[in-house]
Peer 1: 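Quick one: this structure, given as structure tokens, is what I'll be asking you about.
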Amino acid sequence: MVFSEVAPFAKTGGLADVGGALPLALSNLGCQVRIVMPFYNRFVEEFAGADPVVENLPVELGSQVINTDIYRGQLNDTVEVYFIRRDEFFDRTYLYGTPKGDYFDNFQRFTYFCKAALSLCPAVQFQPDIIHCHDWQSGLIPAYLKHLVAAEDYLAATASMFTIHNIAYQGQFAAKLFPQTGLPGRFFSMDGMEFWGGINFVKAAIVCADVITTVSPRYSEEIQTKEYGHKLEGVLQMHRRKLHGIINGVNYEEWNPENDRYIAANYSRENLEGKHMCKLDLLRTVKLPERLMNRPLIGVVSRLADQKGFDLLAAVMDKFMAYDLGLAILGVGEDKYHTMLTALAERYPEKIAVRLEFDERLAHKIEAGADMFLMPSQYEPCGLNQMYSLRYGTVPIVRATGGLYDTITPFNPTKGEGVGFRFTNYKPESFWDATKKALDLFSQTETWRQIMKNGMAMDFSWQSSAQQYLKLYEKTVAEKKRAGGSPATERGTGKKKTGDARQRDKA
Ligand code: ADP
Ligand code: GLC
């Protein structure tokens, strides 16, 4: 598994949650999983216990050869993690960029990362059946496996899976950087990684991976449309036969009010008493008045990015405030949202608390202490917070898109079924209508309790998703074997090549 972030080592969003949980679930199913990720020095304390296992491993980047140290740590007793260490690339304050924008050298950083991830396999003597890559940061790996690895190479029989966690982040760079990838010149073409005159890591992965997945069935359909495809819809349609949607799971060891170590009191579906204490604790923590104990308290925990629907939230804020409720928002991201949220909190200091930081503990406190949770996302490949909210009895109000659509069934008052509230049109009125429905039902204590309990009974544990991944791995690996080691690739002709096949391919 190749990830650019894995909880608890480094995290900006849900990708890290998946990185920290899916490998464990697969390992429980009997897979031998090893993870590769960058060594971000900023988080070095958490890496305690990670020892260098390979020193000065040569990794090619364009005409340079970069000496690389590999550290090995453990995610748990069974899953090993390899950290790729090169401080000039990964010893930074942020993972991918500052609130002002991406780091200028992300192309070099993650091209190098992909190369290093492959180079480390022979160095640590691990020959995987399949390399499972996640998002653009590992997008070149399927291309390298297809175009640079020769039949006699260590990874010649290795298949590749690419998971799209978010099609909006594609790893797009200027065409002039293409030669530094080391990929053959013909790969800079319409059926390769060329994209509107530049290069695109996700396109490279879609074209080259043996199998592609995304993180919910609904999103796998959506990204094939113009509205959601971010200009890759045509390529995805072309490759749709190898595209599958598998919903993410929840790591209930981390996200469960029964044993959550960060919250003021534990509680369960059978005994909700502690939730009251959690609400009081949240109000105190974010310095909102305790009179809000009797009003709906709404929580938001989110990356502050266009995807997450903060423009809708701003548009309905006056209506929210007229209703008299509390709002606790935790997030970091783009500067423009920092400014917007700070202004809102200044305008309504008695009702809105905003924390512009990354705070794991507060994220848990919000899940436990809020009555409702907002995710009015423009798009949402899967979304984890709505599933966490369900388990905490914190009723989600979501836009019906991607994984939010797949996981949140709307409450039906006649049947007493359903777990949340959702709206379809990305319009302030629709968002407000859904929220208003929730607010009206909040005062009907019995009904509200029913909605909470319906959600708390849902089970999104990783096991069934991991089984689906395992099935796909097995199918892909079997197909590759049947095709003589290369269903979707140009290698494995059976002819023994001599000399440096990489050089020949490049030429
Ligand atoms: P995305 O991956 O698009 O950010 P998800 O809902 O899949 O959205 O996952 C977000 C994850 O990141 C959750 O675990 C959430 O609690 C966490 N998170 C987001 N922002 C913050 C923050 N400011 N502080 C702490 N945790 C955060
Ligand atoms: C992305 C998506 C989010 C998803 C997460 C994990 O960051 O935005 O919807 O839950 O990846 O797959």
Side-chain angles (χ1 to χ4, degrees), residues 1 3-8 10-22 94-96 99 132-137 162-170 202 213-216 218-220 222-223 228 230 245-252 254-255 260 262 285-286 299-310 328-334 337-338 341 353-368 370 373-392 394 396 398-399 401-408 460 462 465 469:
M1 294 260 182
F3 280 103
S4 57
E5 53 183 90
V6 175
K11 170 165 168 175
T12 67
L15 178 63
D17 293 22
V18 176
L22 175 59
Y94 298 91
L95 303 194
Y96 317 120
H132 185 168
C133 307
H134 299 263
D135 273 357
W136 75 265
Q137 294 88 344
F162 183 71
T163 295
I164 298 167
H165 293 261
N166 195 326
I167 197 82
Y169 301 89
Q170 299 179 359
V202 168
T213 67
T214 186
V215 288
S216 68
R218 180 79 172 187
Y219 193 60
S220 75
E222 286 175 346
I223 53 178
Y228 291 97
H230 288 261
I246 301 179
I247 196 90
N248 286 332
V250 174
N251 180 353
Y252 288 117
E254 288 294 319
W255 295 95
D260 190 322
Y262 295 123
T285 305
V286 299
V300 176
V301 179
S302 180
R303 284 185 298 113
L304 303 180
D306 291 341
Q307 157 193 2
K308 300 293 181 178
F310 285 97
I329 303 178
L330 169 65
V332 267
E334 290 176 38
Y337 295 115
H338 289 202
L341 292 173
V354 171
R355 295 286 177 275
L356 301 173
E357 61 205 342
F358 195 92
D359 184 341
E360 188 76 27
R361 173 181 293 264
L362 186 54
H364 284 250
K365 280 179 186 285
I366 291 177
E367 284 294 1
F373 195 93
L374 293 184
M375 292 180 79
S377 306
Q378 217 169 62
Y379 67 89
E380 196 60 74
C382 178
L384 294 167
N385 278 116
Q386 82 280 12
M387 296 193 270
Y388 301 160
S389 299
L390 290 177
R391 184 47 67 100
Y392 284 79
T394 302
V398 306
R399 175 150 182 264
T401 180
L404 299 174
Y405 177 92
D406 285 337
T407 55
I408 304 302
F460 291 103
W462 266 106
S465 306
Y469 277 112

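What you see below is based on every heavy atom in this structure, not just the backbone, and it leaves out hydrogens, waters and symmetry mates. Just follow the structure's listing: the first ligand is 1, and inside any ligand the first atom is 1.
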Peer 1: What part of Asn248, side chain from CB on, backbone N/CA/C/O, both or neither, has a heavy atom under 4.0 Å from ligand 2?
Peer 2: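 The answer is the side chain of Asn248.
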
Peer 1: If you count the atoms of ligand 2 from 1 in the order shown, which ones are under 4.0 Å from a heavy atom of Val18?
Peer 2: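 Once the distances to Val18 are compared, the set is 6 (C), 12 (O).
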
Peer 1: Within 45° of the axis and under 6.0 Å from the centre of the six-membered ring of Tyr262, does NZ or CZ of Arg361 qualify?
Peer 2: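 No, Arg361 does not sit over the ring of Tyr262.
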
Peer 1: I'd like to check whether Lys308 has a polar contact with ligand 2, where a contact means an N/O of the residue lying under 3.5 Å from an N/O of the ligand.
Peer 2: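 Checking ligand 2 against Lys308, no N or O pair falls under 3.5 Å apart.
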
Peer 1: Classify the side-chain pair Tyr219/Thr401 by whether it contains a donor and acceptor separated by less than 3.5 Å.
Peer 2: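 Thr401 and Tyr219 do not have a side-chain donor-acceptor pair below 3.5 Å.
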
Peer 1: Please classify the Arg303 to ligand 2 contact at 4.0 Å (heavy-atom distances, strictly less than): side chain, backbone, both or neither.
Peer 2: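 Only the side chain of Arg303 comes within reach of ligand 2.
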
Peer 1: Please check: side-chain N/O of Asp135 versus main-chain N/O of Ile164, any donor-acceptor pairing under 3.5 Å?
Peer 2: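 The answer is no, because no donor-acceptor pair under 3.5 Å joins these two groups.
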
Peer 1: Between Lys308 and Glu380, is the closest basic N to carboxylate O distance under 4.0 Å?
Peer 2: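 Yes.
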
Peer 1: What is the nearest protein non-hydrogen atom to atom 10 (O) of ligand 2, stated with its residue, atom name and distance?
Peer 2: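 Answer, as residue, atom name and distance: Gly383 N, 2.8 Å.
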
Peer 1: Kindly give the heavy-atom pair with the smallest separation between Arg303 and Gln307, and that separation in Å.
Peer 2: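 Smallest interatomic distance, heavy atoms only, reads NH2-OE1, 2.9 Å.
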
Peer 1: For ligand 1, run through the N/O pairs with the protein that fall under 3.5 Å and put one pair on each line.
Peer 2:
residue, atom, partner, partner atom, Å
ligand 1, 2 (O), Gly14, N, 2.6
ligand 1, 3 (O), Arg303, NH2, 2.8
ligand 1, 3 (O), Lys308, NZ, 2.7
ligand 1, 4 (O), Arg303, NE, 2.7
ligand 1, 6 (O), Leu384, N, 2.9
ligand 1, 6 (O), Asn385, N, 3.4
ligand 1, 7 (O), Leu384, N, 3.3
ligand 1, 8 (O), Lys308, NZ, 3.2
ligand 1, 9 (O), Gly14, N, 3.2
ligand 1, 14 (O), Lys11, NZ, 2.8
ligand 1, 14 (O), Asp17, OD2, 2.7
ligand 1, 16 (O), Asn385, ND2, 3.4
ligand 1, 23 (N), Glu357, O, 2.8
ligand 1, 24 (N), Asp359, N, 3.0

Peer 1: Need the ligand 2 atom indices (1-based, order shown) with element for anything under 4.0 Å from a heavy-atom of Asn166.
Peer 2: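 Result: 8 (O).
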
Peer 1: Ser302: what forms a side chain to side chain donor-acceptor pair (under 3.5 Å) with it, not counting sequence neighbours?
Peer 2: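 Not a single residue meets the side chain to side chain donor-acceptor pair (under 3.5 Å) criterion with Ser302.
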
Peer 1: Do me a favour and list the nearest non-hydrogen protein atom to atom 3 (C) of ligand 2 with residue, atom name and distance?
Peer 2: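 Among all protein heavy atoms, the one nearest atom 3 (C) of ligand 2 is Glu380 OE2, 3.4 Å.
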
Peer 1: Report the residue from Tyr469, Phe3, Phe162 that forms a ring pair (Phe, Tyr, Trp, His ring centres under 6.0 Å) with His132.
Peer 2: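 One option only clears the test, and that one is Tyr469.
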
Peer 1: How close does the nearest protein non-hydrogen atom get to atom 2 (C) of ligand 2, and which residue and atom is it?
Peer 2: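 Here the closest protein heavy atom is His165 O, 3.2 Å.
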
Peer 1: Main chain of Thr12, side chain of Glu5: is a donor-acceptor contact present, judged purely on distance under 3.5 Å?
Peer 2: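 Flag set: sc Glu5 to bb Thr12 pair under 3.5 Å.
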
Peer 1: For a 4.5 angstrom cut-off between non-hydrogen side-chain atoms, does Tyr252 reach Trp462?
Peer 2: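 With C-beta onward as the side chain, the pair stays apart.
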
Peer 1: Under 4.0 Å from a heavy atom of Gln307: which atoms of ligand 2 are those, numbered in the order shown and with their elements?
Peer 2: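 Taking each heavy atom of Gln307 in turn, ligand 2 has 8 (O) under 4.0 Å.
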
Peer 1: Can you name the nearest heavy-atom pair linking Asn166 to Pro381, along with the distance?
Peer 2: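 The answer is CA-CG, 3.9 Å.
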
Peer 1: Classify the contact between Val215 and ligand 2 as side chain, backbone, both or neither, using a heavy-atom distance cut-off of under 4.0 Å.
Peer 2: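 For Val215, the contact with ligand 2 is made by the side chain alone.
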
Peer 1: Flag the pair Val398 / Thr407 as yes when at least one side-chain heavy-atom distance between them is below 4.5 Å, and no otherwise.
Peer 2: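 No. Closest side-chain heavy atoms not under 4.5 Å.
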
Peer 1: Give yes or no for whether the N/O distance cutoff of 3.5 Å, strictly under, is met between Gly14 and ligand 2.
Peer 2: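 No, Gly14 has no N/O under 3.5 Å of an N/O on ligand 2.
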
